[in-house]
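Here the structure is laid out as structure tokens; the discussion comes afterwards.
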Protein chains: 2
Amino acid sequence: MTRVPTSKDVAKAAGVSQPTVSRALAGHPQVSAATRERVRKAALELGYVPQESGRVLRSRRTRRIAVVCGPDDLLSPFRPQLVVPLHQALAAAGYRTTLIAESGDAAVLSQVTDGSVDGVLVTAARAGSAVPGQLAAHGVPHVLVDRLVPEAGHPTCAADNRQGAAEIATLVAGLGHREVALVLGPRRLRTSLDREAGFRSVLAAGRAVRTRVLRGGVDHAAGVAAARSLLGAAHRPTAILCANDTIALGVLHEARLRGVDVPGELTVTGFDDIPMAGWEPYALTTVRHDTGRMAAEAVRLLLSQLGPDVDGAAPESVVLRADLVLRQTHAPPPSPS
Amino acid sequence: MTRVPTSKDVAKAAGVSQPTVSRALAGHPQVSAATRERVRKAALELGYVPQESGRVLRSRRTRRIAVVCGPDDLLSPFRPQLVVPLHQALAAAGYRTTLIAESGDAAVLSQVTDGSVDGVLVTAARAGSAVPGQLAAHGVPHVLVDRLVPEAGHPTCAADNRQGAAEIATLVAGLGHREVALVLGPRRLRTSLDREAGFRSVLAAGRAVRTRVLRGGVDHAAGVAAARSLLGAAHRPTAILCANDTIALGVLHEARLRGVDVPGELTVTGFDDIPMAGWEPYALTTVRHDTGRMAAEAVRLLLSQLGPDVDGAAPESVVLRADLVLRQTHAPPPSPS
DNA sequence: TTGTAAGCGTTATCAG
DNA sequence: CTGATAACGCTTACAA
């Protein structure tokens with residue numbers, strides 16, 4: 001196995017000095033076209049690829065960004081819809097992506113403070129995580145993506161969960177529903193809390209609306225269980241607002257299993273607009289975030305921190321409106337017979 | 001903003017030489033306990049973290065592995081089930097994960113030949129990709145995960161799609177079905193082809209079985225379309241074998257929409273055992289790969305190539321059996337009435 | 001057990 | 001426009 005060629009080898013082959021190789025291949029303007037060509041050819045022949053370790057050590061820029069998620073986030077139907085555009089946006093900007101599954105704050109911190117990344121995109125919803133604070137303390141450029149934290153001071157790019165939830169609640173209340181149930185996730189999930197706040201801000205206003213709240217998991221089984229409890233009760237709600245689409249699909253299934261007509265007898269709504277929500281047999285009315293835009297904005301916010309001297313600027317943040325997706329699972333409540 | 005501390009700073013603070021800092025923190029045994037403690041304390045106080053750029057340049061080991069997927073692979077329901085365990089297995093072995101979305105062979109190659117990763121895990125199903133060949137040509141350690149290529153010589157860790165498909169076909173044929181339809185993906189997908197071969201190896205043997213083949217996409221809509229065509233025909237199949245679960249769910253939906261009883265009138269099977277396949281309302285009979293084991297084996301195969309001098313050894317490969325998951329969507333065909 | 005010296009491959013700063 | 005020289009932060013001989 002022959003040694004992997006370095007810029008020195010190329011220099012020798014092209015008959016120039018080693019730094020000239022670096023300049024020529026980096027597209028430095030003050031290199032003559034003839035030299036550049038000679039160097040290029042030599043590099044190609046030797047199969048030379050500039051070693052990034054040398055570049056990083058010298059330039060202190062890795063052109064690499066860490067994307068932090070929860071351990072199993074990628075297994076959820078929604079998170080990949082965010083991570084993939086983030087990765088694409090980074091690649092488009094010439095940055096590589098290092099994936100970090102958040103398994104203990106210390107482990108994350110040591111991976112992002114060792115100079116191996118230029119910045120961090122945090123896409124995790126755990127409410128108590130110390131990671132954002134530590135990043136700030138260590139001066140690591142970072143952006144919180146789709147994840148609001150109470151403490152200000154972190155650049156953030158997030159969908160407006162509250163506003164989206166308020167819109168869907170407005171829709172449901174406007175249709176005339178007076179018996180509404182909320183199926184929410186656990187209290188430690190920020191997004192679930194924000195959505196709850198949005199739902200309540202509207203439903204509390206119209207006093208005529210009776211609201212029940214069920215709290216449980218965020219998966220399909222949680223929806224099934226919630227629906228079982230709600231639809232088995234003597235006094236059924238006429239609308240069930242869910243904290244995410246997966247729960248809503250569980251509710252839908254259980255409702256259909258019991259022969260409850262959706263949306264004739266029951267309105268069901270979700271949140272996130274995962275791909276399945278659009279599948280024909282579901283046609284779930286839900287709320288969409290524009291994850292492509294969210295990713296693009298997040299990357300913009302992060303890269304803007306990487307300039308030479310931007311220490312003074314206050315952390316910029318972006319909140320994106322969430323949009324209603326009106327499909328087939330909402331309707332006025334059945335007229336009391 | 002104060003400069004980030006280096007081992008030199010720690011050395012000064014602890015009153016030792018710089019290499020001693022390196023040795024102490026690396027847990028080198030020939031450092032006295034007293035010195036080690038002093039160094040540790042100094043490092044902690046300064047908030048020193050060894051810079052990986054220096055380590056990599058010197059040691060020529062990055063402890064980083066690239067995981068290559070297709071551009072949108074992570075958006076499919078199955079791929080994350082493979083990528084997440086890969087990432088976990090790598091992390092457990094002390095390796096970081098660089099995510100690379102395959103968008104042009106050249107782009108991938110330049111990212112893995114610049115010394116930024118110790119090896120590559122290729123998890124992409126495109127049949128014509130030049131990446132594996134190029135990796136071999138450049139001597140980059142790599143393993144193909146869940147992706148068989150015709151040319152031998154690549155270490156591979158894959159589920160036995162053929163065997164799994166053969167098993168499910170055996171099950172269906174054994175139940176007595178004589179009118180069977182296959183709903184497959186496009187010809188360029190290796191996995192789809194392998195599964196087709198497995199289906200056919202069994203169905204062709206029993207001459208009594210009439211087999212129809214539909215080829216289309218690999219998503220839910222493809223399943224819906226296939227079912228529409230098959231169930232609308234005068235002569236319906238009594239069993240529909242699908243190339244993956246998503247397709248099968250589409251078939252299931254359309255069947256139920258038409259009031260076709262599954263499994264009473266129609267048997268439907270999938271492949272992959274995505275999470276949804278286990279959801280109550282589906283309870284899809286399918287084939288499971290043990291992605292956790294697959295990931296662990298793949299990482300083992302890759303890391304075994306990173307030892308000091310293993311050039312001689314032939315590329316090792318692993319094929320994992322796929323297992324039937326018997327749920328509720330299979331039954332004998334309806335007796336001809 | 002520890003210090004000294006060297007070098008990994010690149011980019012940046014100077015002269016020329 | 002190009003060459004010589006230095007430096008980035010770390011690990012590994014080798015010497016003490």
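Chain identifiers are assigned alphabetically (A, B, ...) following the order of the sequence lines, protein sequences preceding nucleic acid strands; residue numbering begins at 1 within each chain. Because only heavy atoms are used, hydrogens play no part in the values below, and waters and symmetry mates are left out as well, while side chains stay in.
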* To do: Using a 4.0 Å cut-off on protein heavy atoms (strictly under), produce a 5'-to-3' string for nucleotides 10-16 of chain C with B for base contact, S for backbone-only sugar-phosphate contact, and - for none.
  => BBBB---

* Hey, which of B/Val112, B/Thr113, B/Leu109 is the one that makes side-chain contact (heavy atoms from CB on, under 4.5 Å) with A/Val49? -> B/Thr113

* Asked: Checking all strands, does A/Val56 fall into the base, sugar-phosphate, or nothing category for heavy-atom contacts under 4.0 angstrom?
  -> nothing

* Asked: Of all the choices, C/dG3, D/dC8, C/dT1, which nucleotide is nearest to the side chain of A/Leu57 once you look at every atom?
  -> D/dC8

* Asked: How close or far is atom C1' of C/dG3 from atom CZ of B/Arg38, stated in whole angstroms?
  -> 13 Å

* **Distance in angstrom units between B/Lys12 NZ and C/dT2 C1', rounded** => 19 Å

* Kindly point out which of C/dG3, D/dG3, C/dT1 is positioned nearest to the side chain of B/Gln30? => C/dT1

* To do: Applying side chain to side chain contact (heavy atoms under 4.5 Å, CB included), name anything that partners B/Val319, two or more places apart in sequence or on another chain.
  => B/Asp160

* A/Leu74 and B/His87, any side-chain heavy atoms less than 4.5 Å apart -> no

* Excluding sequence neighbours, so at least two apart, what forms side chain to side chain donor-acceptor pair (under 3.5 Å) with B/Glu45? -> none

* Structure fact -> From CG of B/Leu25 across to P of D/dC10 the rounded distance in Å is 10 Å

* Considering only NZ, NE, NH1 and NH2 on the basic side and carboxylate oxygens on the acidic side, decide whether A/Asp9 and A/Arg3 come within less than 4.0 Å. => yes

